[in-house]
Each structure stands twice: as C-alpha cells, then as structure tokens.
2 protein chains.
Amino acid sequence: MSSNPGRPAPSGPFGERTRAEVFALILTDGPLSRVEVAAKLGLSPSTVTRLLPPLLDGDYIRETGRAATALGRPRRLLEVNAARHLVVGVKISPTHVTGVLTDMAARVVGRAETPVPDTLPTTILRATTALTRDLLSGVDTSLVLGIGVGVGGHVGREAGICHTSALLDWHEVPVAAPLAEATGLPVVVENDVNTLVVAERWFGAGRDTRSFAVVTIGPGVGCGLLLGGAMYTGATGMAGEFGHLPLDPAGPKCLCGNHGCLEALASSAAIVRDLAHEGVRVSSAEQAAALARAGNPAAREVYARVGNALGRGLAALVNLLDLELIVLAGEGAAEHDLFGPAMTAGLRAHAFSKAAERPVHIDPATDDLWARGAACLMIGAAVAGPLTPPRVERHHP
Amino acid sequence: MSSNPGRPAPSGPFGERTRAEVFALILTDGPLSRVEVAAKLGLSPSTVTRLLPPLLDGDYIRETGRAATALGRPRRLLEVNAARHLVVGVKISPTHVTGVLTDMAARVVGRAETPVPDTLPTTILRATTALTRDLLSGVDTSLVLGIGVGVGGHVGREAGICHTSALLDWHEVPVAAPLAEATGLPVVVENDVNTLVVAERWFGAGRDTRSFAVVTIGPGVGCGLLLGGAMYTGATGMAGEFGHLPLDPAGPKCLCGNHGCLEALASSAAIVRDLAHEGVRVSSAEQAAALARAGNPAAREVYARVGNALGRGLAALVNLLDLELIVLAGEGAAEHDLFGPAMTAGLRAHAFSKAAERPVHIDPATDDLWARGAACLMIGAAVAGPLTPPRVERHHP
DNA sequence: CTTCTTTTCTTGACACACGAAAGTAACTCT
DNA sequence: AGAGTTACTTTCGTGTGTCAAGAAAAGAAG
C-alpha cells in the first residue's frame with residue numbers, strides 16, 4: 001500500500017507517514033543511527049536524512065553522541081527526547097479508574113487510581129477528569145501531548161465514542177469529547193485490549209512481530225489483533241470478539257444465552273462455578289488457584305479443563321489467521337502454572353501452523369500496563385505511527 | 001512498510017500502481033467516464049487523465065461512445081478491451097483438472113476438463129499443460145496473458161510452490177516454474193479458495209465489500225479472507241484454516257485426530273457417516289440430500305445438525321473478524337435449502353455483529369467458477385490490481 | 001444563429017515521497 | 001600522509017497526486 005503522497009499534508013512535524021514510522025522506531029529501538037533506521041524500515045539512507053530535520057528542529061528527536069564503529073565514520077545516534085511531552089494513559093475498569101503519566105518515550109513517571117462507586121458515564125468521566133488533573137498537578141499543560149483512554153467494549157475511535165460496553169453497561173457514551181472539554185487536551189479512545197496490543201507491539205513480546213493476538217483472560221475473555229503490522233479492528237471496529245467462541249454445545253450456559261462459549265469455560269466466574277459443581281465452594285478465582293496450588297484435585301481438574309478450552313480456542317485463532325505469536329494477558333494469566341500444560345497440549349493438538357510450537361507468551365499485565373498502553377496509543381496516534389494508518393478512504397481500492 | 005515508488009518502474013503500461021487500480025475499476029464497473037473513475041477511486045479527474053494514455057495507446061482500454069447527460073459535455077465512456085488478451089484459469093482437483101479460457105474482462109470464452117488417474121505432481125502438471133494447450137489450440141500465443149492456477153493447500157505465491165496439500169498429498173511441489181517452462185507463459189499460483197475470493201470480489205457478492213470471507217463446504221471446509229480490501233493470507237500464507245475449528249469435544253473424530261472439528265461435523269463425509277449412524281446407508285452427500293428432500297426424517301435431522309455446526313462456525317468467524325459478509329460456496333452449498341435454516345439460527349444465536357443479520361450469500365460455485373477465479377487472479381496480478389499488491393511473478397524461461 | 005451555462009476533460013505548474021548514484025565527512029589502519 | 005571503510009548528504013529522476021485555469025462539447029436562452 002502506498003502512503004498518501006500528493007495530498008495536502010497535515011501540519012506539524014508529523015505530516016508524513018513515514019516520518020512517524022521513523023519516530024516510532026527510534027522510540028522503541030533507539031538510540032539508532034540513520035543508517036540503522038533505514039535498514040530496519042527498509043528505506044534508503046537518503047530518505048531518512050530527508051525526514052529527520054523537522055523532528056530535530058522540533059526537538060522531538062536529538063542527536064546524542066556518536067557510536068564508534070570498528071572502522072569508518074562513527075554513527076551519530078538518534079534518540080527520542082523523552083522530556084518533550086508528557087502523556088496520560090487511562091484504563092477504565094468497573095470498580096476503579098487507573099491512570100499513568102508517561103514521558104514521550106512511554107516511560108511511566110507517575111500513577112494514580114480512583115475507585116468509582118458506580119459505572120454511570122458521568123461518574124466515570126468525572127473520576128477520569130479528576131485523575132488526570134491529579135496526575136498533571138504542577139505540570140505545565142502546554143507540555144502535555146494528550147490522553148489515551150482504554151475502555152472495555154465496542155469503541156469508535158474516530159468519533160471517540162463507546163458504542164456498547166457490557167462490563168460498564170454503557171450505550172453510545174461519548175468519551176473523547178467530554179474529556180477533551182474538561183481537560184483541554186486531545187483525547188484518543190480505544191478498546192482496552194487494543195491498548196495492550198500497542199504496548200506489546202512497542203515494548204513487549206510483539207516487538208519484532210507483524211501479526212499477533214493479545215488474548216486477555218479474567219472476568220471475561222478478550223482479544224486484540226495486530227495483522228500485517230497494523231492493528232485490526234474490523235469493518236465496524238468490533239473485531240476481536242473472542243470470548244463467545246462456541247467450543248462445546250454441551251458446555252455450561254453463558255451469559256450470552258448460548259452454551260459452551262470460551263468465556264463460559266475459562267473466565268474467573270466459570271472457574272468458581274465449576275469448582276462449586278465439584279462440591280468445593282470458593283468466592284474467587286484466586287481462592288481456586290490457591291486450592292489448586294495446594295494440591296486440591298478438584299481445583300486442579302478445573303484448571304486443566306480451563307487450559308484445554310483455552311488451548312482449543314487459541315488453536316482456532318492461530319489456524320484461522322496464521323499468527324506468529326499469541327500473548328496471553330489479563331488477571332487470569334497469572335494462573336498459567338495451573339492451566340498452562342493443558343492449554344499447550346490443546347493448542348498443539350489442534351493447531352496446524354508453526355506458531356503453535358512457539359510458546360504462548362504469558363504477560364499478566366497490571367492495570368498500570370493497560371494504562372501505559374493507552375498512553376502508547378496516544379503517542380502512536382500523535383505521530384500517526386505504524387500502528388495507526390489513517391488511510392484515505394477509497395471507495396474501490 | 002511502504003511500497004516501492006521511486007524504484008525503476010517495470011516496463012509496460014502498468015508501471016504505476018494507480019494505473020492498475022484504474023484499469024481494474026473499469027474492468028469490474030465499466031463502462032465509466034473519467035470523472036466517474038476519479039470519483040470512485042477518490043482521485044482528481046486530472047490524475048485519471050494523466051494515467052490513461054498508456055492504457056489507450058496499448059489498446060487495453062477503449063473509448064466506446066459517449067453518454068449524453070442532461071446538461072453539459074457528454075461523458076466519454078471507457079471500457080476494457082476484452083479482446084486484448086486471453087487468460088487461462090485452472091482449478092486442480094484430486095480427480096480432474098478444470099480449465100477455462102477467458103478474455104481480458106474475465107468472461108469465459110472456453111472450457112476444458114481432464115480426468116487424472118492419480119495426484120502425482122508430474123501427472124497433474126502434465127494434465128494441466130495438456131489442458132492449457134488444448135484451450136489455446138489455434139490461438140496466437142502472443143495474445144495470451146498467462147495462467148492462473150488454484151490449488152487446495154498451502155501455497156507460496158511468490159515462489160510458485162505448493163508447500164503442502166493434504167488433498168493431493170503434495171509436499172513442496174513447484175507448480176509455477178514447470179508450467180511456465182512447459183507453456184512459455186507467466187503463471188500465478190494461489191490457494192484455490194483465494195481464487196474464489198478474487199472472483200467474488202470482482203464480480204460476485206463481495207463487489208462493494210471491504211471485508212468478507214468465502215467459506216467452502218464439500219469434501220472439506222475451506223476459507224478465504226478479504227480483510228480491509230486486501231486478500232489476507234497470514235504470516236506464512238496459511239491463513240484461512242477453518243475446517244478444524246474445534247466446535248464440540250464430544251463430536252465425531254476428525255481426520256486430524258481431534259474430535260468435533262467443523263469439518264468432522266459438516267463435510268460431505270460427515271453427512272454420509274452421520275446418516276449411517278442413524279441406520280441409513282448412502283454413498284454420497286447427494287444421496288443424503290435427495291433423501292432429505294424426499295422427507296426422510298433422519299436425513300433432515302442430519303442436515304439440521306450440519307447447519308447448526310456451520311452457523312456456530314460462521315459466528316466465530318464473523319465475531320472475531322467483524323466481517324461484512326460471508327459467501328458460502330463449494331459443492332455443499334447447493335444443499336442450502338436443507339441446512340440453511342439451522343445455520344441461520346445458529347449464526348444469529350451466536351453472532352454479535354450486525355453482519356449476522358445480513359443473509360449469508362450462497363454461491364454453489366462450479367469448478368468453472370473456481371477456474372475463472374484463477375483467471376481473475378492472473379489478470380489481477382498482471383495489473384497489480386487492488387487485490388494483489390505483490391508484483392507479478394514471471395516464471396519465464 | 002449566436003451567446004450563455006453546465007459539465008467533462010486537458011494542460012501546466014507545483015508539491016511531496018522515494019531511491020540510485022555520486023559526493024562529502026569522519027574515522028582507523030598502514 | 002595516504003588508503004580504506006563506513007556514515008551521511010546532495011542531486012537528480014520518477015512516481016503520485018493536487019489545484020487552477022483553460023478547452024471542448026453539448027443544451028438552453030436570447
């Protein structure tokens with residue numbers, strides 16, 4: 001795909017799409033010399049030279065020292081000026097809102113959290129505004145790039161709207177506009193799992209991968225996709241609905257009304273319910289995990305079944321999309337020691353691709369990491385990075 | 001990554017990518033005036049004007065008459081010169097090879113078929129060569145654009161190799177090179193379902209759709225994907241493995257060794273087997289269908305189960321990828337009257353996206369249509385069309 | 001039969017993205 | 001000091017696309 005040359009370029013130092021790619025690469029892999037950037041992006045050195053001046057002039061990127069090579073002219077190293085901006089990343093949960101403050105290199109420099117009494121839009125948005133003010137107290141506002149927000153549900157990024165969220169019981173809730181109004185800052189909203197995709201792509205297991213999925217397990221099961229180097233959100237932004245993969249018509253009833261959905265087999269609630277079925281009463285998945293680790297055979301059996309369901313689900317994912325990697329995240333990922341073996345066995349049995357031989361990467365991300373991902377998203381959106389191709393809509397491409 | 005502008009352009013009238021898009025649009029939607037082309041592609045009229053001369057000079061496109069508008073200068077209509085080239089499209093099946101000859105507008109002007117005694121690569125390739133010679137007998141070879149080939153299995157298009165095909169028992173079989181050698185023509189090879197994706201995108205239900213799946217049912221279950229306007233083949237070209245979606249751990253055993261794969265629930269063999277289980281012996285799915293249509297309750301029940309499995313599988317597909325449309329093709333699609341209601345019910349029950357409300361498009365494609373899709377692929381590859389960003393591989397002696 | 005008006009195409013001037021090739025810079029080794 | 005090596009820069013050609021202004025081809029109005 002070509003970029004959109006010829007069209008009136010947006011103002012600012014990030015008018016060019018390739019320039020944004022250069023910036024993102026230096027951010028994630030810097031310090032790098034011009035020649036290294038060119039090689040990693042498949043560009044010619046002259047192109048990199050041409051793209052840099054605005055970034056250097058705008059103090060987004062700095063030349064920091066030179067790296068002597070064995071022979072020849074030493075490389076001049078380029079680095080992101082992390083102090084150029086501050087960025088706020090927010091993760092919205094049903095019981096609390098988590099925020100981090102990062103620098104322009106997406107390094108966390110502050111954090112905050114607020115409990116919320118209910119999930120009414122006004123409550124949550126007010127809490128988010130307060131949290132942002134808190135994080136930014138004493139900070140020069142002109143230094144702040146913007147706010148990235150991750151919400152669990154169907155999000156329309158362009159419109160900044162959360163169309164639906166079962167978790168929060170939201171319908172067509174405007175998120176970006178009120179937050180931008182209240183804070184005076186640019187706001188980007190995305191599905192929360194997709195913020196994690198950005199974080200994994202930039203700093204995590206997906207660094208050198210062009211197609212992977214992030215699957216989150218916990219109260220629900222979610223999925224974010226990076227396909228061919230770009231985030232995939234589907235025709236209407238709803239892609240990644242993975243929790244209701246129908247895995248077993250004889251399985252337990254799911255909240256969606258069907259039987260044997262992945263979520264009905266592998267969520268925290270499913271674990272508690274299955275264990276109760278075995279005559280063992282626990283009130284949370286953590287207790288179930290503790291029992292299993294203590295050797296309780298019923299609990300171990302439940303986790304094995306969870307692992308099998310997960311393995312079969314991940315196999316479906318890998319087979320259909322021919323992914324290079326799967327990152328398993330979310331609260332439930334911490335119980336990997338319990339469901340891992342059965343999951344791997346299930347995946348191996350069902351998967352065709354070689355990706356099944358690569359271990360699933362486990363990353364039990366904290367809320368802070370999700371929020372950091374939201375900050376990454378804001379940075380990525382600001383630099384129109386490789387993850388966010390705001391392509392010109394063509395009717396017949 | 002960016003495309004390769006600036007590089008020395010390949011010779012011929014299709015050096016520029018946008019030119020190929022203009023050509024493809026006129027092919028599929030023509031006759032069109034310059035202004036209409038510009039509007040549909042999101043270009044300015046001047047750009048279209050600039051791109052056309054080589055196509056007109058090369059007689060790829062012709063000005064055919066003018067369309068008087070109510071007011072103003074009448075539009076000069078552009079059309080593809082269908083007679084400019086002939087194209088061969090081939091579908092390889094385990095028992096026979098089907099070929100069609102099409103003009104440059106992908107209209108079928110000839111067909112041929114050869115049975116093959118076995119599936120050895122040499123046998124099949126020899127049969128394909130003979131078939132091609134047959135189709136092209138009496139034709140000026142310089143008029144022939146090339147050969148498009150569809151093979152069921154994992155195909156590496158760039159290398160022109162069939163990595164594996166369970167159906168044919170092939171492993172790392174070179175296809176493009178020997179055919180190009182034997183015929184002296186350019187050859188493009190793809191997975192057969194993907195050739196159908198191209199055909200559906202150009203002329204079928206997917207005309208105005210940017211993301212859809214073609215699911216084929218018959219001896220096996222296959223799937224081809226168009227995501228965001230481009231064919232999706234995954235990290236290693238294996239995407240679309242859909243037949244072994246694990247739908248029921250208690251289901252019948254599949255050839256892959258697992259239980260309850262979609263293919264084990266909905267393939268022709270599954271139908272015959274399930275009916276035998278009910279005490280009714282038939283030797284083919286067609287017989288089963290005839291029984292069901294005659295009112296046999298066991299057969300009707302079997303087809304209802306097939307429909308349910310298909311509906312659950314399609315729901316998984318639509319949910320995960322947020323598709324706009326599903327095209328159901330392959331021999332088995334003809335039995336839509338039997339499994340359709342159960343399929344639709346299953347899909348509706350499990351699917352979240354609105355796509356589930358759009359009816360699944362049924363297209364029981366004959367082998368000729370698959371072969372035509374292969375011809376479309378060759379045309380698309382030749383013009384580096386919207387579906388095929390990778391440049392034409394010419395396996396020329 | 002002119003002369004508008006409307007729409008379609010064409011032309012010319014410009015801008016930007018990118019690469020190849022050739023030139024310049026900075027360092028080490030001999 | 002010169003030769004060798006690698007890093008960057010400059011120049012130029014091509015692809016891709018816009019905009020603005022003009023030419024062309026009709027019907028409608030006078």
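Atoms considered below: every heavy atom in the structure, side chains included; atoms not considered: hydrogens, waters and symmetry mates. In what follows, chains carry the letters A, B, and so on, assigned in the order in which the sequence lines appear, proteins first and then strands, with residues in each chain numbered from 1. Just so it is clear, the structure is predicted and the values come from calculations on it, not from any experiment.
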Just jot down the side-chain hydrogen bond (donor to acceptor under 3.5 Å, both in side chains) partners of [X], sequence neighbours excluded, or say none.
| X | value |
| --- | --- |
| B/Thr49 | none |
| A/Arg84 | none |
| A/Thr28 | none |
| B/Asp57 | none |

Between [options], which one does the side chain of [X] approach most closely?
| X | options | result |
| --- | --- | --- |
| B/Arg76 | D/dA7, D/dG17, C/dC9 | C/dC9 |
| B/Leu43 | D/dT10, C/dT8, D/dT18 | D/dT18 |
| A/Val35 | C/dC9, D/dC8, D/dG17 | D/dC8 |
| B/Ser44 | C/dG19, D/dC8, D/dT18 | D/dT18 |

- Give a yes or no on whether a donor-acceptor pair under 3.5 Å exists between the nucleobase atoms of D/dC19, that is its base, and the side chain of B/Ser46.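 Result: at least one qualifying N/O pair found.
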
Distance check needed: [N] [atom2] versus [X] [atom1], whole Å only.
| X | N | atom1 | atom2 | answer |
| --- | --- | --- | --- | --- |
| B/Leu52 | C/dT8 | CG | P | 16 Å |
| B/Leu78 | C/dT10 | CG | C1' | 14 Å |
| B/Glu63 | C/dT8 | CD | P | 14 Å |
| A/Lys40 | D/dA7 | NZ | C1' | 17 Å |
| A/Leu77 | D/dC8 | CG | P | 8 Å |
| B/Glu36 | C/dT7 | CD | P | 14 Å |
| B/Leu51 | C/dT10 | CG | C1' | 14 Å |
| A/Arg50 | D/dC12 | CZ | P | 17 Å |

- Sub-4.5 Å side-chain heavy-atom contact between B/Leu145 and B/Met104: yes

- Message: A/Asp208: which residues meet the side-chain contact (heavy atoms from CB on, under 4.5 Å) condition with it, sequence neighbours left out?
- Response: none

- Quick one: what's the B/S/- string for nucleotides 25-30 of chain D, heavy-atom cutoff under 4.0 Å, read 5' to 3'? BS----

- Looking only at side-chain N and O atoms, does B/Thr49 come under 4.0 Å of OP1 or OP2 in C/dT10? yes

- Message: Check this for me: does any side-chain nitrogen of one of A/Glu36 and A/Arg75 sit under 4.0 Å from a carboxylate oxygen of the other?
- Response: yes

